Amino acid sequence: MDISNHSPSPWLTTAFRDAARSFDLPSAAITLALARVPVFPCVPGGKQPLTARGFHSATFDPHQVHRWWTRTPDANIGIPTGATSGLVVVDVDVHRGGDGFRNFSRVTEMGLTRRWAWMVRTPSGGMHAYFAAAHDVEQPCWSVPSRHIDFRGNGGYIVAPPSAVTISDGSTRPYSLMSFGHHAGTVDSVGLHRVLAPPKPPPPRKGPPTNMPGSRSSPDRLAAWVARRPEGARNGGLFWAACRMAEAGHDFTQTFQLLGGAAQSAGLPDTEAFRTIKSAYRIASRLGPSNAPASRPGPTRPEGVAM
């Protein structure tokens with residue numbers, strides 16, 4: 001039976017309510033299948049699929065569903081998420097390190113997760129909020145561990161009520177229906193992810209230092225400008241000024257003595273200033289390594305400085 005890209009039946013909410021309130025897993029699985037919700041069996045007390053192809057084996061064929069749960073009556077009920085079932089789930093996790101309820105409330109206040117169809121309490125104390133899958137956009141699974149919220153869409157699945165799972169303390173707890181609405185609305189999964197995990201701002205664009213003296217400024221003016229460079233702008237400023245010195249025909253030794261001292265006044269280490277000026281001369285003067293100064297000028301040359 002082809003279950004791809006179908007929509008759940010209009011009475012899905014009633015069927016899900018009836019299935020969730022059932023204490024009989026085989027009957028609940030059949031109820032969902034008759035509502036055209038594809039299901040597959042998971043191990044009793046766990047979340048691992050029992051079928052060889054996992055959630056890819058899901059079907060709403062009632063005969064196949066009956067065979068599965070006749071073979072394993074206490075199998076948990078898995079539902080694939082995304083376009084396969086027409087359902088997606090926002091998973092609010094609860095861990096020792098925290099839970100996602102505050103974050104879920106925040107995005108709900110922003111209008112991103114208001115249109116849920118029903119909510120399910122998970123065995124760990126978390127929550128599954130069900131929505132209708134969007135038909136016009138891809139909705140892949142994602143996870144934001146720092147916010148304790150996951151999204152189950154294309155390529156994922158969830159375990160549905162009245163399934164029960166054995167948790168870390170050894171107790172077995174059920175998935176239970178908390179509340180339900182009258183229809184399944186969609187959720188903007190891309191916008192939700194953007195709010196929970198905003199993209200990092202791009203690094204500052206590298207470019208010429210600001211407030212630069214003119215390109216034909218005197219060496220003393222260049223040195224005074226380099227000496228005023230703040231942290232984070234010292235290397236760039238020194239490199240720019242050294243290029244101007246090279247273009248003006250000043251030799252490396254003169255430039256290092258003048259600008260190197262200014263860079264030290266700005267807080268740049270002596271050896272770093274030397275490397276920066278040498279790099280500027282190699283580029284601005286179009287000199288190869290063989291034509292660069294053979295040794296570092298000045299009376300305070302430290303030992304072991306790589307050329």
Side-chain angles (χ1 to χ4, degrees), residues 1-9 12 15-16 19-20 28-29 32-33 35-61 64-65 68 75-95 100 103-104 107 112-113 115-124 126-161 163 165 175 184-199:
M1 178 181 293
D2 183 11
I3 64 171
S4 60
N5 298 314
H6 81 284
S7 298
S9 67
L12 173 61
F16 194 90
L32 291 171
R36 296 180 62 82
V37 178
V39 296
F40 64 97
C42 294
V43 297
K47 304 177 184 180
Q48 299 77 21
L50 277 174
T51 55
R53 297 178 59 241
F55 67 86
H56 296 290
S57 298
T59 183
F60 47 74
D61 177 359
Q64 179 60 61
V65 172
W68 278 334
N76 279 338
I77 301 170
I79 299 176
T81 50
T84 301
S85 64
L87 298 170
V88 295
V89 172
V90 176
D91 180 4
V92 180
D93 291 328
V94 172
H95 303 291
N103 293 309
F104 184 83
V107 295
L112 292 171
T113 51
R115 302 182 64 197
W116 49 268
W118 52 85
M119 290 185 176
V120 168
R121 178 76 68 184
T122 64
S124 66
M127 182 181 72
H128 286 168
Y130 285 71
F131 298 84
H135 294 291
D136 53 346
V137 294
E138 286 291 322
Q139 291 187 292
C141 295
W142 50 257
S143 177
V144 184
S146 62
R147 303 296 185 184
H148 310 290
I149 290 182
D150 302 329
F151 179 78
R152 305 299 180 196
N154 293 342
Y157 71 92
I158 46 87
V159 176
S163 304
V165 169
Y175 289 83
T186 58
V187 60
D188 178 6
S189 58
V190 174
L192 179 61
H193 185 269
R194 188 181 297 117
V195 169
L196 293 172

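Because the structure is predicted, anything quoted here is derived from the model rather than measured. As a basis for the values below, the full set of heavy atoms in this structure was taken, side chains included, without hydrogen atoms, waters or symmetry mates.
Between the CZ atom in F104 and the CG atom in L112 there is a gap of 10.0 Å [rounded to 0.5 Å]. Note that the CZ atom of R36 and the OG1 atom of T59 stand 10.0 Å from one another [nearest 0.5 Å]. Between Q139 atom CD and T81 atom OG1 the span is 10.0 Å, to the nearest 0.5 Å. To the nearest 0.5 Å, atoms CH2 (W68) and CD1 (I77) are separated by 12.0 Å. If you take OG1 on T113 and CG on N103, they are separated by 10.5 Å, rounding to the nearest 0.5 Å. Atom OG in S143 sits 12.5 Å away from atom CZ in F151 (nearest 0.5 Å).
The nearest pair of heavy atoms linking H128 to Y175 is CE1-CE2, 3.8 Å. Across Y130 and V159, no two heavy atoms sit closer than the pair OH-O, 4.4 Å. Residues V88 and G153 come closest through the heavy atom pair CG1-CA, 4.1 Å. The shortest non-hydrogen separation linking N76 to G46 is ND2-O, 2.9 Å. Between V144 and L196 the shortest heavy-atom distance is CG1-O, 4.0 Å. The minimum heavy-atom distance between G100 and V92, with the atom names listed, is C-CG1, 3.4 Å.
You'll find the side chain of L32 reaches within 4.5 Å of the side chain of F16, heavy atoms only. Counting only heavy atoms from C-beta outward, the side chains of F131 and S189 never approach each other to under 4.5 Å.
The aromatic rings of H148 and H95 sit tilted, their planes meeting at an angle between 30° and 60°. Under the 30°/60° scheme for interplanar angles, the aromatic rings of F55 and F40 are found to be tilted.
In terms of modelled atom types and a separation under 3.5 Å, the side chain of S85 and the main chain of P80 share a donor-acceptor contact.
For the side chain to side chain contact (heavy atoms under 4.5 Å, CB included) test with R152, the passing option among L87, I79, D91 is D91; the others fail.
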